[in-house]
Amino acid sequence: MKMLIIGVAVLAALWLLWRRLSPPAGMVFNLDDPRMEIAKQTARDTLPEFWAALAAEAAGDSDFGLKFDLNHGRGLPDRELIWATGVTRDADGTIHGHLANPPINRDFSAGQSVVINPATIVDWCFFRNDIAHGHHITRLMIDLSPPRDAAQARKQLGW
């Protein structure tokens with residue numbers, strides 16, 4: 001029985017070590033990757049399109065989201081770009097959303113309500129009649145994906 005407990009403890013320790021050392025899920029870019037910087041700047045330049053669509057509340061528009069740096073201004077060394085959905089903007093300009101997926105930062109959780117600093121926004125999206133608009137970083141990631149994965153992603157986004 002003692003050996004079983006020791007074995008389980010060793011396996012648990014190895015699993016925790018593996019999780020800690022594993023690369024983050026998703027696609028990882030160098031901080032100075034020029035392709036990523038172009039995608040983020042394009043998103044920032046076209047953000048008025050997002051705000052206009054959100055304000056218009058047109059019947060065919062849905063699933064508004066913003067991608068932003070969750071860790072910005074928190075004194076943390078790592079960036080964490082994450083999507084927020086259910087986006088709203090108050091009359092005073094305060095932006096609210098809910099984290100769309102589980103964050104790496106353990107101070108937050110999927111679905112949690114957050115206030116989004118406009119300076120942290122790096123991408124935006126919404127669907128108009130089942131066709132995705134925005135998704136500038138997503139487009140870059142799709143272009144770099146294996147052809148089969150890219151085709152599936154484009155189909156899901158109505159492209």
Side-chain angles (χ1 to χ4, degrees), residues 19-147 149-159:
R19 257 193 93 197
R20 185 161 187 77
L21 297 177
S22 294
M27 198 172 281
V28 178
F29 291 85
N30 291 330
L31 290 178
D32 60 349
D33 188 307
R35 301 166 301 178
M36 177 63 85
E37 292 308 312
I38 290 169
K40 290 191 285 189
Q41 190 58 51
T42 302
R44 289 182 195 108
D45 291 346
T46 58
L47 195 55
E49 181 182 338
F50 173 86
W51 294 123
L54 183 67
E57 299 180 4
D61 292 355
S62 65
D63 301 322
F64 288 84
L66 291 172
K67 186 172 232 177
F68 70 105
D69 183 356
L70 181 64
N71 293 335
H72 178 82
R74 300 187 195 290
L76 300 171
D78 297 324
R79 295 179 189 167
E80 181 173 358
L81 304 184
I82 191 167
W83 285 102
T85 56
V87 175
T88 60
R89 187 164 64 163
D90 295 341
D92 68 358
T94 304
I95 304 166
H96 303 270
H98 294 89
L99 297 180
N101 47 298
I104 296 169
N105 184 331
R106 293 184 179 165
D107 293 337
F108 297 91
S109 59
Q112 182 176 344
S113 179
V114 292
V115 173
I116 301 167
N117 177 340
T120 68
I121 297 171
V122 296
D123 205 354
W124 57 269
C125 69
F126 68 91
F127 279 82
R128 175 168 285 151
N129 301 317
D130 299 323
I131 298 172
H133 291 256
H135 274 295
H136 302 281
I137 292 174
T138 306
R139 292 172 195 272
L140 171 61
M141 294 169 70
I142 288 172
D143 288 347
L144 298 173
S145 295
D149 295 342
Q152 182 180 4
R154 287 184 184 101
K155 183 178 179 181
Q156 290 175 333
L157 295 169
W159 298 340

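Because the structure is predicted, anything quoted here is derived from the model rather than measured.
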Output for pair (Ile137 CD1, Ile38 CD1), nearest 0.5 Å, gives 12.5 Å
key: Any Trp51 side-chain heavy atom under 4.5 Å of Ile95 side chain   = yes
- Query: Under a 4.5 Å cut-off applied to non-hydrogen side-chain atoms, are Lys67 and Ile121 in contact?
  - Reply: no
Original post:
Given Trp83 and Asp123, is the side chain to side chain contact (heavy atoms under 4.5 Å, CB included) satisfied, shown in steps?
Top reply: CA-CA 9 Å; Trp83 285 102; Asp123 205 354; 4.1 Å; yes
Exercise for review: Keeping the roles fixed (side chain from Asp90, backbone from Asp92), state whether a donor-acceptor pair exists under 3.5 Å.
Suggested key: no
Exercise for the section: Taking the side chain as every heavy atom from C-beta outward, state whether Phe50 and Leu66 have any atom pair closer than 4.5 Å. Expected result: yes
Closest non-hydrogen atoms of Val87 and Gly65, given as atom of the first, atom of the second and distance, are CG2-CA, 4.0 Å
Heavy-atom nearest pair, Arg128 first then Ala53, reads NH2-CB, 3.8 Å
The side chain to side chain donor-acceptor pair (under 3.5 Å) partners of His135 (sequence neighbours excluded) come to Thr138
d(Leu140 CG, Ser145 OG) to nearest 0.5 Å is 9.0 Å
**OP:** Please confirm whether the backbone N or O of Gly134 pairs with a side-chain atom of Arg139, one donor and one acceptor, at under 3.5 Å?
**Re:** yes
- Query: Can the ring centroids of Trp124 and His133 be said to lie less than 6.0 angstrom from one another?
  - Reply: no
ask   = Can you tell me if Asp69 uses its side chain to pair, donor with acceptor, with the backbone of Glu80 under 3.5 Å?
value = yes
Between Ile142 and Ala150 the two heavy atoms that sit nearest each other are O-CB, 3.5 Å
#### Entry: Trp159 vs Ile131 side-chain heavy atoms within contact, under 4.5 Å
yes
For Arg154, the salt bridge (charged side-chain N to carboxylate O under 4.0 Å, His left out) test, sequence neighbours excluded, returns Asp143
Residues Pro103 and Ala110: closest non-hydrogen pair is CD-N, 3.7 Å
Output for pair (Leu54 CG, Leu47 CG), nearest 0.5 Å, gives 10.0 Å
Rounded to the nearest 0.5 angstrom, the OG1-NE2 distance for Thr85 and His98 is 8.0 Å
Interatomic distance, CG@Asp45 vs NZ@Lys40, rounded to 0.5 Å, equals 13.5 Å
Q | Worked check of side chain to side chain contact (heavy atoms under 4.5 Å, CB included) between Arg44 and Val122 | A | CA-CA 6 Å; Arg44 289 182 195 108; Val122 296; 3.7 Å; yes
Interatomic distance, CD1@Ile104 vs CG@Leu81, rounded to 0.5 Å, equals 9.5 Å
Is there a side chain to side chain contact (heavy atoms under 4.5 Å, CB included) between Phe68 and Ile82? Walk through the geometry before answering. CA-CA 6 Å; Phe68 70 105; Ile82 191 167; 3.9 Å; yes
Original post:
When you look at Asn71 and Arg79, which way does the side chain to side chain contact (heavy atoms under 4.5 Å, CB included) test go after all the steps?
Top reply: CA-CA 6 Å; Asn71 293 335; Arg79 295 179 189 167; over 6 Å; no
